[in-house]
Student: 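Take this structure first; my questions come after.
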Amino acid sequence: MTYPTTIDENAPVIADHTIRIAAPVERIWQLHTDIGGWPAWLSAITQARLDGPVAPGTTFHWMTAGMSIDSTVYAVDTAHRILWGGPAHGITGVHEWTFTEDGDGVVVRTRESWAGDPVDADRDNLAAALDASLVTWLDALKEAAEQEDHRP
């Protein structure tokens, strides 16, 4: 099966956000790719389950905003990049995360594209919702990684 190699640059909605986290890349990567553990640090996600290793072709199932979503991992470059996506509720989403070491921290960038009839019908509201969700996700990842960094 052929998977996307990046987000859909021509999608009607694209969100792009970056944050710097003062923690080791290994800790941030572990938090982010422990998909079953997402609900412990990201309150917007109420359930999450990975059906195998974090590897291309593996699916995971998660629930956010009352919506059940099934995603497929498309690409992994351990501790540097992960790309996943799939259709959900008429929207085709592709989500990329990159992790770039920066001195004593890591710059985390997330880009996500959405396309499909629901997006075409309500582009502005869905763009705002996607932006807000990614900012929340990055903030929660930062808080979890930095708190863990200071535990005894």
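Values in this document were obtained by computation on a predicted structure and should not be read as measured data. Side-chain atoms are counted along with the backbone in the values below, which use heavy atoms only and exclude waters and symmetry mates.
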Student: Taking side-chain hydrogen bond (donor to acceptor under 3.5 Å, both in side chains) as the definition, give me every residue that meets it alongside S71, ordered by chain and number, with sequence neighbours left out.
Tutor: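 If we apply the side-chain hydrogen bond (donor to acceptor under 3.5 Å, both in side chains) test to S71, skipping adjacent residues, the hits are W62.
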
Student: Would you mind reporting whether E112 and I14 have side-chain heavy atoms less than 4.5 Å apart?
Tutor: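 A side-chain contact under 4.5 Å is absent here.
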
Student: Flag yes if I35 and W41 sit in one hydrophobic cluster, no otherwise; membership is Ile, Leu, Val, Met, Phe, Trp, Tyr, and two members link when side-chain heavy atoms are under 4.5 Å apart.
Tutor: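 Linked within one cluster.
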
Student: Please check if any side-chain donor atom of E26 sits under 3.5 Å from a side-chain acceptor atom of Q30, or the reverse.
Tutor: no

Student: Just say parallel, tilted or perpendicular for the rings of W29 and F99, cut-offs at 30° and 60°.
Tutor: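 Geometry flag for F99 against W29: perpendicular rings.
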
Student: From I45 CD1 over to T136 OG1, what is the distance, rounded to the nearest 0.5 angstrom?
Tutor: 10.5 Å

Student: Just verifying a value: how many Å separate L31 CG and K142 NZ, rounded to the nearest 0.5 Å?
Tutor: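 Those atoms lie 13.5 Å apart.
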
Student: Measure up the H32 and W38 rings against each other and bin them: parallel (under 30°), tilted (30 to 60°), perpendicular (over 60°).
Tutor: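 Tilted, since the angle between the ring planes falls between 30° and 60°.
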
Student: Kindly say whether A11 contributes a backbone atom to a donor-acceptor pair with the side chain of D8 at under 3.5 angstrom?
Tutor: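 Flag set: sc D8 to bb A11 pair under 3.5 Å.
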
Student: Say you draw a straight line from CD1 of I7 to CH2 of W114; how long is it, rounded to the nearest 0.5 Å?
Tutor: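 Answer for the CD1-CH2 pair, I7 versus W114, is 13.0 Å.
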
Student: Under the rule for salt bridge (charged side-chain N to carboxylate O under 4.0 Å, His left out), what residues qualify as partners of R109, not counting sequence neighbours?
Tutor: D16

Student: Whether R111 and E9 form a salt bridge (side-chain N of Lys/Arg under 4.0 Å from carboxylate O of Asp/Glu) is what I want to check.
Tutor: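 R111 and E9: salt-bridged.
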
Student: Side chains of H80 and T98 only: does a donor on one sit below 3.5 Å from an acceptor on the other?
Tutor: no

Student: In Å and rounded to the nearest 0.5 Å, what is the CZ to CG distance from R49 to D51?
Tutor: 4.5 Å

